[in-house]
Amino acid sequence: PGDKSTHQMNAFQLIGMASSLDLSGLFEE
Amino acid sequence: MGCVSSSPGRSRRAPGYEDPAVLASQTSFTVNEVEALYELYKKLSYSIFKDGLIHKEEFQLALFRTSKGPSLFADRVFDLFDLKRNGVIEFGEFVRSLSIFHPKAPESDKAAFAFKLYDLRGTGYIEKEELRELVVALLDESDLCLSDSAVEEIVDNTFSQADSNGDDRIDPKEWEEFVKKNPASLRNMSLPYLQDITTAFPSFVMHSEVDD
């Protein structure tokens, strides 16, 4: 499970993929 | 018989409203951009409770477009935006916090915000258990699937890079060094939308009273 690129990320890069950390949703109309 | 509109009007200022010129002087935004952000702020802060303050439910609704269950990350971001810790995000807090996400904001500000975001228990360190908890929260809210051993490996590898003194926790200095070497770790701390709000979101722009 999980592709190779995911395994190569550091934990903080991985966490950065969380959609709830993407604040662009605040700007969508 | 008259009636009172519950929609946010131009003349009514939200509680906690601050002068856009003052906010512009303290952030990465121009006065016009702060005014555009005020239009966005009003929209968000009247989406559920109609009191001109952004509550956690309104913040989550805006982020996810639906009322979904608790999200560790959304909770953390809300709590960090809520500088006065009074359970709501006021306009000044909204602008000052979003300013950190401006592409031109200093990397050191972004790093400091991210550090607080990941320091779940507020100890002044990012501990290994906190990092593990964050990775598991990411897996819970995404379609990604990693085995427990893969999570352990990723957390251990990250600590081997970041925890230079080997005390099983990342301190602010170690974090600073780590993000300098791994800038992609701060990628979610920049919002391209904020580069030019007035162009990207013309519907939020009212007739400004000032020229930038």
Side-chain angles (χ1 to χ4, degrees), chain A, chain B residues 40 43-44 54 59-65 68 71-77 94 97-98 101 114 117-118 126 131-132 134-135 137-139 141-142 144-147 150-151 153-159 161-162 175 178-179 182 184-189 191-194 197 200-201 203-204:
Chain A
D3 60 27
K4 194 177 176 190
S5 61
T6 304
H7 286 269
Q8 287 171 340
M9 288 181 178
N10 73 55
F12 295 106
Q13 283 176 276
L14 201 57
I15 294 163
M17 294 168 68
S19 58
S20 47
L21 283 180
D22 177 9
L23 300 190
S24 56
L26 298 176
F27 298 88
E28 285 165 15
E29 297 187 72
Chain B
L40 170 63
K43 182 184 145 202
L44 302 180
I54 299 178
F59 190 73
Q60 288 203 1
L61 180 64
L63 279 183
F64 304 129
R65 324 309 301 168
K68 96 178 212 181
S71 157
L72 173 66
F73 297 113
D75 278 1
R76 292 294 300 157
V77 174
F94 185 67
S97 299
L98 274 182
F101 290 78
L117 185 68
Y118 300 146
I126 301 172
L131 188 55
R132 192 178 292 116
L134 288 160
V135 172
L138 173 272
L139 297 178
E141 77 156 48
S142 71
L144 286 174
C145 182
L146 290 176
S147 65
V151 170
E153 191 184 334
I154 289 169
V155 169
D156 284 346
N157 284 343
T158 303
F159 256 76
Q161 293 171 54
W175 174 246
F178 178 78
V179 296
N182 300 275
S185 303
L186 291 181
R187 195 173 46 197
N188 59 324
M189 291 301 307
L191 265 178
Y193 283 106
L194 295 175
I197 303 162
F201 302 99
S203 64
F204 292 144

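So you know, we letter chains A, B, ... as the sequences are listed, proteins then strands, and number each from 1.
Heavy-atom distances place no part of B:Leu139 under 4.5 Å from chain A, backbone and side chain included. With a 4.5 angstrom heavy-atom cutoff, B:Leu98 touches chain A only via side-chain atoms. For a residue to count as touching a neighbouring chain, one of its non-hydrogen atoms must lie under 4.5 Å from one of that chain's; by this rule B:Phe59 touches chain A with backbone and side chain alike. Heavy atoms of B:Ile126 lying under 4.5 Å from chain A belong exclusively to its side chain.
A perpendicular orientation is assigned to the rings of B:Trp175 and A:Phe12, their planes being inclined by more than 60° (bins at 30° and 60°).
B:Leu194 has its side chain within reach of A:Phe27: a pair of non-hydrogen atoms, C-beta onward, lies under 4.5 Å apart. Within the 4.5 Å cutoff, the side chain of B:Leu144 has heavy atoms near those of the A:Leu14 side chain. Side-chain atoms of A:Met17 and B:Ser142, non-hydrogen and from C-beta on, never get closer than 4.5 Å to each other. Counting heavy atoms from C-beta on, the side chains of B:Leu191 and A:Asp22 come closer than 4.5 Å. The shortest side-chain heavy-atom distance between A:Ile15 and B:Val135 falls under the 4.5 Å cut-off. For the pair A:Asn10/B:Ile154, no side-chain contact is recorded, criterion being any heavy-atom separation below 4.5 Å from C-beta on.
B:Phe101 pairs by the ring pair (Phe, Tyr, Trp, His ring centres under 6.0 Å) definition with B:Phe113, not counting sequence neighbours.
Contact count versus chain A (heavy atoms, under 4.5 Å) is highest, among B:Leu131, B:Val179, B:Val155, B:Val77, for B:Leu131. The residue among B:Asn188, B:Leu117, B:Val151 with the most heavy atom pairs within less than 4.5 Å of chain A is B:Asn188.
B:Thr158 contributes a side-chain N or O that, together with a main-chain N or O of A:Ala11, makes up a donor-acceptor pair within less than 3.5 Å.
A distance of 8.0 Å separates OG in A:Ser20 from CG in B:Leu72, rounded to the nearest 0.5 Å. To the nearest 0.5 Å, atom CZ of residue B:Arg187 and atom CG of residue A:Leu21 are 12.0 Å apart.
Considering all non-hydrogen atoms of both residues, A:Ser19 and B:Glu141 come closest at N-OE2, 2.9 Å.
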